[in-house]
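In what follows, a structure is listed as C-alpha cells, so that the remarks can point back to it.
Quick note on labels: first sequence line is chain A, next is B, and so on, each numbered from 1.
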Amino acid sequence: MITKQDFRRINDYIWEIPTSFHPQMKVPVWVFADEELLEDALGDLSITQAVNVACLPGLVGHVAIMPDVHQGYGMPIGGVMASLVPGGIISPGAVGYDINCGVRVLASPIDYQSAKPYLSDLASTLYRNCPSGVGEKGSIPLTTEELDNVCRKGARWALEHGYALEEDLPRTEEFGCLEGADPSKASKRAKERGRGQLGTLGAGNHFLEVDVIEEIYDREAAEIMGLQEGCLALQIHCGSRGFGHQICTDYVQDFQWAVINYGIQLPDRELVCAPIDSTEGQAYLAAMKAAANYAFANRQTLAYHARRSFKEIFGSQAGENPLRQVYDIAHNMAKIEKHRIEGKDMTVCVHRKGATRAFGPGFAGLPSEYRPIGQPVLVPGSMGTESWILLGTNTNEELSFGSTCHGAGRVMSRHKAKREIRGDLLRQELENEGISVRAGSMPGLAEEAPKAYKDVSRVVEAVSKAGIAHKVARLHPIAVVKG
Amino acid sequence: MKDKSDLTATEGFEEIEHTADWAYRVWGKSLEALFIQAAKGLYHLAGARLSDRPETIREIRLQGIDSESLLIAWLNELLHLHESENLGCDRIEILQLDERNLQATVTGLPVQQWLKDIKAATYHNLAIRSTETGFEATIVLDV
C-alpha cells in the first residue's frame, strides 16, 4: 500500500517516490500532479504499477507519471519510461494493445452560431459516414499487399489514395509515417484483423467530437494553428484497431519466452520485455511501427469522412476545405529519441502509454510554421466536458522526456459507471445541455460518462504549472459520435 | 456446458472493480473447469448472445510456458474466433491440459449479439492459485 507519506515533494506539482522505497527499483518515480490529483492517483493501483515499471532493467532517469494517470495493466495509463539504446529493453505491454491510439484535431472556419441549427444533422451524418461500433467493418477493404503498403507508408498511403490533403502530413506526428516499419513482422492473424478495419473508429473510449473553440489562452499560437474563438473544431480519437491489438497480443505472448532466455526478472508478467537490440526486440519495434502507420492512415481516412460530412451539411458555406488539420498525435507508442537526462545526452527508447509527446519550440520534426511555437498537444476531456489544445515546452525534456498528459483519466470503474449511470438518461442530459449524441451502445455510453473521469482542466492546470505543457485553447463539445 | 444459456450464468466467475479496464475472478474444481469458467466469464462480459445454429466444430491446440500463458492464449483464441468467424463457443471439451499444452474441441454458434469490444486478455498480475476447493485466477481484459 503506497501512501502520500512515501513521496518526496519536489515542488507543488512534482512528487517523487525514491528508489529507496523498494529494493528492486532501478529509477525513481515522478508524479506530475497537484495534491488532489495525487490523492486520486492513490485511489487505485496506478502508483503500484508505476513502481513495478521502475523495477524494469535498463531504465534511465525516472518513470514519469502524468496527472491523468489511472490503473491499467502492467504500466499505468499515463506513464512514460525511457530505456537506454542500446542496452535497455522494449516492452509491448508498456505501449499497450492499441498501438498509436491518438488524437487528431481539425479546425473549421464555420462559426458556432451559423452551425447551431444543423448540429443534430451533422452528428447523424458523421455517425453514418464514419463507421463505428463493435465489429464494424470499414469502407476500404484491403488486400494483404495493400495492407503492407499502409503499414509502410502510413498517412502517405491515404494521400496517394485521395483520403488526405498534402498539407495534412506535416501536421501529423512523424509526418504520419514511422520509418522502419516492417509488415512481415506482423502475424497473418494480425493482418486478417487489419484488412477490413481501415477507416473505422471502433468502440470503447474512442470517439469523434465536434467542439466550439470556447476560449483562447495564447492568441499568437492559436492564429498560427488556425484556431478561431467561436468557430468549430473536430476531434478524432482512435488507433490501430484489431491490427495493433493482435500485434501486441502476439508479442506479449512471444516475449514470455524471451524473458526466460534473457534472464529478465519481472514484477508483473504484463511488463514482459526483451533487450531492444535483440532479434525479438527489433522484431516488435518493426511490427509496432507498422501498426502505428496503420493508425495514422486510419485517423486520416476518418478525417476524410469527416470532411465529406461537413460538406454534405454545410455545402458551399464549408468552402474548399471545411476542416484544416491542426495536428495529429499518438499517445501509445515507443520511440527512439535523443534526450538530455541527468546532464548527459542519451539515446533512449521512450515508451509513452496514455501520454503524449510534447516537444517544445525549435524541434526540427515540426512543419516550419510550428517550429517557433512548439508541437501541438491535443487533450480530449471526457464526453460532455471541455477539451484542450496545448503546446509542448522546452522545459519538459529533463522533467518528462518531452512528454505530457493525454486526457482526463478515469476515476470510476466501468463496472461502477454502468451500475450508477443509465446511458439513455445520460444521453438525454447531454442533449439538454446542447450536445448532440450518437452512440451505438447505451451501456457503452454510460461507461464513458463525465462522472467516470477526472476534471480535465485540473489535469491541464497541473501540466501547465509543472512546466510540461503550455495552454493555447479550450474547446467545448457540441456533438459526440461514439461506437 | 449443456446449452448456450450456461454461457451467461454467473457461477464460477465474478466481475471485480478496475478503473479503466475489466477484471474478473474465475474459479473451478480443476484447471479444466477454471479454463471453461474463464471462457464463460469472457462471453458474459462481452454481452454475447448466440444463434441456435449452424454449429461449427473447431479444434484448438495451444502451447505455452505455463498454465497462465495457456489461459491467456486460450482467451485470446476465443476472441479471435469471434472476430474472424463470428463464432461464440456453446460447448467446450478440454481434451488435454498440462503446463505446456492445451487441446480442446469447441462447438461454435454464430454470434447474434456482442456488446463489448475486448482488445485482449492480459497477463496483468495473473497467477493461477490453488485453493481448498480447486483453482482460481483474476484476469484483466483490455477494453
Using heavy-atom distances under 4.5 Å, tell me whether [X] contacts chain A through its side chain, its backbone, both, or neither.
{"X": "I65(B)", "result": "both"}
{"X": "D66(B)", "result": "side chain"}
{"X": "Q113(B)", "result": "neither"}

Tell me, do E270(A) and I72(B) make a side-chain contact under 4.5 Å, heavy atoms counted?
no
Would a 4.5 Å heavy-atom cut-off, applied to side chains only, mark E447(A) and W22(B) as touching?
yes
Looking at [options], which one has more heavy-atom pairs under 4.5 Å with chain B than the rest?
{"options": "A452(A), G72(A), P443(A)", "result": "G72(A)"}
{"options": "R410(A), R193(A), R414(A)", "result": "R414(A)"}
{"options": "V272(A), D268(A), N52(A)", "result": "D268(A)"}
{"options": "H245(A), H70(A), R189(A)", "result": "R189(A)"}

Residue list, side chain to side chain donor-acceptor pair (under 3.5 Å) with N125(B), at least two apart or on another chain
none
Residues at least two apart in sequence or cross-chain that pass side chain to side chain donor-acceptor pair (under 3.5 Å) with Y127(A), listed by chain then number, are none
Closest non-hydrogen atom pair, [X] against [Y]:
{"X": "S69(B)", "Y": "R269(A)", "answer": "CB-NH2, 3.9 Å"}
{"X": "E192(A)", "Y": "S84(B)", "answer": "OE1-CB, 4.5 Å"}
{"X": "Y97(A)", "Y": "A121(B)", "answer": "OH-O, 3.8 Å"}

Measuring from atom NZ of K119(B) to atom OG of S240(A), what distance do you get when rounded to the nearest 0.5 angstrom?
9.0 Å
Drop me the distance from S132(A)'s OG to D117(B)'s CG, to the nearest 0.5 angstrom.
11.0 Å
Residues of residues 249-265 of chain A within contact distance of chain B, non-hydrogen under 4.5 Å
T249(A), V252(A), Q253(A), Q256(A), W257(A), I260(A)
E420(A) atom CD: more than 12 heavy-atom contacts under 6.0 Å
yes
Check this for me: R53(B), atom CZ, are more than 12 non-hydrogen atoms of other residues, nucleotides or ligands nearer than 6.0 Å?
no
Pairing of E17(B) and K416(A) as salt bridge, 4.0 angstrom limit
no
Identify which part of Q197(A) has an atom lying under 4.5 Å from any heavy atom of chain B, answering side chain, backbone, both or neither.
side chain
Quick check on R419(A) against chain B: is it the side chain, the backbone, both or neither that has a heavy atom closer than 4.5 Å?
side chain
Under a plain distance cut-off of 3.5 Å, with no hydrogens placed, do H80(B) and Q246(A) share a side-chain donor-acceptor pair?
no
Tell me the residues of residues 132-143 of chain B whose non-hydrogen atoms fall below 4.5 Å from those of chain A, in number order.
V140(B), D142(B), V143(B)
